[in-house]
Structures are given as C-alpha cells and as structure tokens.
Amino acid sequence: MKSSAGTSSSKLYGSDEKKPLASNSEQKCSTVKGKLEKSSMLSGKRPLDKGNCSDQSSAKKPKISDTPTAMKSKQLTVKAEKEKADEDDDDDIPISQRIKKSPPSNSKTSSMKQKAAKVVSSSLKKLNKKSKKEFKNSKYIKSTKVSPSSGDGQKKWSTLVHNGVIFPPPYKPHGIKLLYDGRPIDLTPEQEEVATMFAVMKDTDYMNKPQFKKNFWEDWSKLLGKNHTIKDLDKCDFTPIYEWHLQEKEKKKQMSSEEKKALKEEKLKQEEKYMWAIVDRVKEKVGNFRVEPPGLFRGRGEHPKMGKLKRRIRPSDITINIGKNAPIPECPIPGESWKDIKHDNTVTWLAFWNDPINPKEFKYVFLAASSSLKGQSDKEKYEKARMLKEYIKNIRAAYTKDFTSKDVTKRQIAVATYLIDKLALRAGNEKDDDEADTVGCCTLKVGNVECIPPNKLKFDFLGKDSIQYVNTVEVELPVYNAIGQFHTGKSKSDDLFDKLDTSKLNAHLKELMPGLTAKVFRTYNASITLDEMLNKETKDGDVAEKVVIYQRANKEVAIICNHQRSISKSHSAQMSRLTEKITELKGVLKELKIDLDRANKGKPPLKDADGKQKRNLTPEVLEKKIAQTNAKIEKMERDMQTKEDLKTVALGTSKINYLDPRITVAWCKRHEVPIEKIFNKSLLAKFAWAMDVDPDFRF
DNA sequence: GTAGACACTTAGTACGACGTAG
DNA sequence: CTACGTCGTACTAAGTGTCTAC
C-alpha cells in the first residue's frame, strides 16, 4: 500500500491546513487534538503543528488566508453546537445499511487508517459512503478533509451554517449631466445610474459594437420613459460623466497608502462575517458571497444580449440554502426579506438567484475552491481521468473499428470521439439563439472542418468564450474519409454530426467506462501530457531550470486545450524595447571584440562613443566580458522568444482545472523543487488534498 | 428522445498589489 | 523613489452534464 502518510517530505509541502472547529471545553481540546493528529497522519495530512491545547484558539482562525478575521469564537461554538442536532438527524439511517455500503474489508474495523486508505483507492467506486458512525458517540470532530462524498443525489453535508450574502451599496448619484444635442440633461438617479454604466465603458471595444448600443438603448430608453427629451443615443454625449469617472479613479489612486489601508480594513470588517461558512463543523471559505452589482451585460464574442441592463438583485430574488438547525441569516437590507429558505443537503450551494439577463439560468453562491467539498470533487475528477487511462486502449480500438461502420450514427460517434480524444475538443452542447454562436465537437458545422488532401483536416471555429480554434492536423485516412462523407450534400452551416448530440455521445461513452463523459478526455489528455513531459524532460539542473521544464510542459497543455489570452496592450512596446537592448548589447560586444583584438596586439582600446579614452584592459578581462555579454544576449533572446511564444497562451487555466496537482507535487518532491515555485498561495490552498501524495505518484 | 430545470466546472479579463530595475 | 511589468485575485460569463417530465 502506498501510504506516504506524514512522511517528512509532506511536511515540506504542507499547505496551511484548515482545522476543524473545536468545540470548547478543555477535555474536548485534548481529544480533538489526539484524534485529529491521528487522522491527519494516517490520511497523510500534516499533523497539527504543536498540537497542544493552547493552540486551539488558533484553530479558529482561518489558516489559509492568514486573515485577521475569525468569527467570534463564542458565536461559532454556539452555532456549531446548535447544528449538532442536525447531524443527529442523519442518524436515522440504520447502521446496518451504512455498513452495507462500505466495502467488507472496511466494515469490521473503524480504524481510521483503513478508512483513509480506502478513500484514496475507492472514492470513485462510490462504495464508501461517508460513515460518520465512528465519530458519532464520541466528541471527536472529524476532519472532513478527505471524507469521500458520494455520488449524485447524495448528501453533500450534514450541517451547514453561514451568514448569507452581502449586497452592493445603493447607488450614489453624482449629479453630473450628460449632454444631449449639446445641452445638459437632468436625469433621475435611476436613469443616471444606467447612463453612468454606459459612460464608463467609453474606451472599451463594446462601444464599437452596434448590438451593444442597441441593447443598451432599449433598456435605458425604457427607464427614460416615452416622452423623454432624449430620443436618440447618438445625440448623447457622455463625456462629462466619463471624465468625472476618470477623476474619481484618479482620486482613489492618489490616496495615501494609510487611507487605502483603512478603507480596505473597513470593507473587510463589513464582509468578514460573510466570508465563512461552517460545513460539518469545519470553517470553510465562501467563494462569492457578494451579490453581483447591477451593470451592463458584457457577453463575450458576438453575444446577442451584450449591453443589456443587468438589474440590481434584491433580497427577494435570493434563495438561501442552509442547515435545518442553523440560524437563518438576517437579511442585510432592512425591511426586505429573502425569497426562500431551503435546507437541501444534496447540493452545495449556499444561495442562488435567477440571472437577470437570462431568467432561466441561475447564479449560485458556492464555497471557495479551498474547501473540502470542492477539493473532494476535484480529486474525484482526476481519479476518473486516471481511470480512463486503463480504458483508453480499448476505447481507441473500438472507435477505430467504427470509423467504417455502416451505421452512420455509429460512424459519427466514432469520429467525434476520436476528435475529442485526439484534439481535446469540448463536447459541444446545443446553444440557444440568444447566446453567442460558438461550437464544440458535436455542434461543429460543415464549414468548420475543411478536408485537405490527402489526409489533413483544418479546423476553424469559435469555441467557448468565442475563442478561435484553428488547427490543421493529419488524421487517419478512415477519419478523413468519414468527414468527407459527413460533408456531402450539406451546406457550410449544417451540422457536421447531424446524427449526434452530447447526450447521445455521453450515453455511448458511459457504456465504455463507468462515469465517462466527453470532458474527461480533456482532463486525461492534459494530465497525461504533463506527466509524460515532466518525466521525459526533467534533467539534472538547478531549480530554475526545472521550473522552466515545468512551464514548457504547462505551455504544451495550454496549447492542446486552446487556452488563450489576449495580447497585452504593451506587448509590442515591450518587445521593441527588448530588441533595442539586444542591439545595444551587440554593439557593446562588437566594441569589446575590437578592444580584445587590439589588446592582443598590445594596442590601447579605441575611444568610446563620447570620445573619451577607455581603461586599458587585459585580454583575459576582455574575454571574460565578452563571454558575459554573450550570455546576457543569449538569455535576453531566449526570454524574448518565450515571451513571444506565450503572448497568447494562458497557462493558468490548465493549472487550475486540468492538471492533476498530484503530478506536480510528486514531481516537485522527486526533483527537490519547492512547490511554491509552481503553485501560488491560492493553488496551494485549493490543492491541499494533493500535498501528501507519494513522490512516486504517476498519473 | 427531447426540452427545460438544475447544479456544478471551466474560462478569460480587469485591476490592484507587489516586486524590481533603473 | 518611480515606472514598469508581473502576479494574484475577484469577477462573472460560458461551458458540461444530469435528471425529470412528457
């Protein structure tokens, strides 16, 4: 069994561990500590540092963020205690039943060790339900850290306490008038608010989009009313408001750092209580506790709804989800109240409201990425992708066979699966007409895939976020031929896979491997690429060199997944500055060479650019300088190349969402690269569950 | 099998903090 | 100390995929 549990190396990589909330009393204190330490050790987690009772107070502090914070411990305890009743609720499941769900080997003992080990190996198999029984009649507070959660429709938590959401402040009118036909116009605060939203977008690209203006005008003119002076957006001059906005921004910038700090602290104080939730008695960070402020909808690409007013969300729009026995959060706006209160422990959201732009959709408040709940499902995601590794050979064989199937649907499924596997395409769900026109694999249009004889395909389409995917790839001949067939008799705007949609595709994939869906291929592809590249490319060298290896692998993955970013405004300026510097250095180099030449002949160096006499240097010194300069030039050229290569590549997305952190952590351990060189603070927190991985781990 | 409701992950961008070269 | 550039984070849009009801 691979039990790296509490190896010394894991300490090096230990992230700030969140600690279960302690209840109060002294005796609990010691029990908690004892049990915790054990569970920590056995599940490979870093044991609590000193683990003495006096540390307990610190357990109440949010370790991850180091934020001063801390909800009042008293308040906390009270709530946690209250919630205990909740926890007992789920005791109505007979023990026998629960035991049945557990693997037999696990049922005979309640040893944490077995449980912990199980978690790793079987969480995917959905065998191991959260069995809290072991803790039930004790005062132990379990660490939910690695408790396996379960499959769908299952319980996600037992107790949940939180304080709801915080609303943006009401609008403060500024009274600056816009000009209509050159004349200043009075607006009501509501009208002014929306006008200001538009005004401040003056220098964005949206201002060049007729759709944006059209949608804005539709919503704003409604607010203005039928008989308003303003009848034509084009006659409006928002410059005064825009300038006021710039001034405000400048004012803010000019504030002294003390003022800024004070402001920040004030904000923190107000938000503090919303930042945390207590899930199964563990304090967890909430992800987005701020309700989205009103604004103009900024859809990506050619979104039909861009520019529409996103109205203000009020408490009566919001449904709260919270533990049965937890106090219902007070509505922060006096005189108003929540839309609804739920106690649904099969979901993880703390609150939601309907998206004002598309009322059929929802905006959720979830826990932060650092929470156990998220970590748990993240881990399951990667375990599933690793499972695909075992099946992939057969899956490939199967679809290869079906490239020539007489059944068109089968052929389409085969080719689509091939593309998803080979190119890491997204599944491609159907989209509505009121969304940007983008596609994924199943929704590819004939015009998106061009056949280039003898066996190449050129892809060109807009994917998620309207990011363009262009790629020409050589494919197996049967695939090439099949695509040709799918083309025939269709126009460019017809569906390439007319017999296919994501649900059919996924239904098929599920037959090949339990839980397999299209997106798993992307995760698999990304992680296996990282793992293989790291293990092939890593050579002896210093940390910096190894980090470069990692970044190269990361970049490779980002390219596979088509993770792009826009070129920074200053990119070209930066590049020319670098070129300039290199030219300068080359000049220096040339001069040094001349001097060296002369020095070798015993002559003094030439005068410098200002006509001044330079110091007489020995050939040795000159040679050294030449070498240094050369190295400098080479480094700069390399840096420039990297910069150019990465100007449109976003490395972050794959790191956050696609690369199994255990690959990275294990590699870091093996090659003595401090994990902090690869993961920043938030990634360390998010991947806390991966930190204790065995150094031998391979994806 | 299909549409719609629902829940959750994945995505790029804006912007401020922060570090560092000059 | 300034200016520049990078980094980290918040924000929220845009995907994926499941389930249910017909």
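Only a predicted model underlies this, so the values are computations on that prediction, with no experimental measurement involved. Chain identifiers are assigned alphabetically (A, B, ...) following the order of the sequence lines, protein sequences preceding nucleic acid strands; residue numbering begins at 1 within each chain.
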Students often get this wrong, so: under 4.0 angstrom with heavy atoms, is A/Phe352 touching a base, only sugar-phosphate, or nothing? nothing
Classify the nucleic acid contact of A/Gly652 as base, sugar-phosphate or nothing, counting any heavy atom under 4.0 Å across all strands shown. nothing
Could you check whether A/Ser503 gets within reach of a base, just the sugar-phosphate, or nothing at all, counting any heavy atom under 4.0 Å? nothing
Contact class for A/Ala436 vs. all strands (heavy atom < 4.0 Å): base, sugar-phosphate, or nothing? nothing
When the nearest nucleotide of DNA chain B is assigned to A/Ala650 and to A/Phe362 on a heavy-atom basis, which residue is associated with the more 5' position? A/Phe362
Atom pair NZ (A/Lys555) and OG (A/Ser654), whose distance is rounded to the nearest 0.5 Å: 12.5 Å
Closest listed nucleotide, where the reference is the side chain of A/Thr517 and the choices are C/dT18, B/dC8, C/dA14: C/dT18
Please check if the side chain of A/Lys445 supplies one atom and the backbone of A/Thr443 the other of a donor-acceptor pair under 3.5 Å. yes
Please tell me which of A/Lys581 and A/His563 maps to the more 5' nucleotide of DNA chain B, matching each residue to the nucleotide holding its nearest heavy atom. A/His563
Does a donor on one side chain sit under 3.5 Å from an acceptor on the other, for A/Thr346 and A/Gln154? no
With sugar-phosphate meaning primed atoms plus P, OP1 and OP2, does A/Lys643 contact a base, only sugar-phosphate, or nothing at under 4.0 Å between heavy atoms? sugar-phosphate
Is there a donor and acceptor pair closer than 3.5 Å between the side chain of A/Lys363 and the base of C/dT12? no
Looking at A/Lys410, I'd like to know if its NZ atom is crowded, meaning that more than 12 non-hydrogen atoms belonging to other residues, nucleotides or ligands lie closer than 6.0 Å. no
Rounded to the Å, how far apart are A/Leu684 CG and C/dT9 C1'? 15 Å
A/Lys360 NZ to C/dT20 P: how many Å, rounded? 20 Å
In whole angstrom, give the distance that lies between atom CG of A/Asn429 and atom P of B/dA5. 16 Å
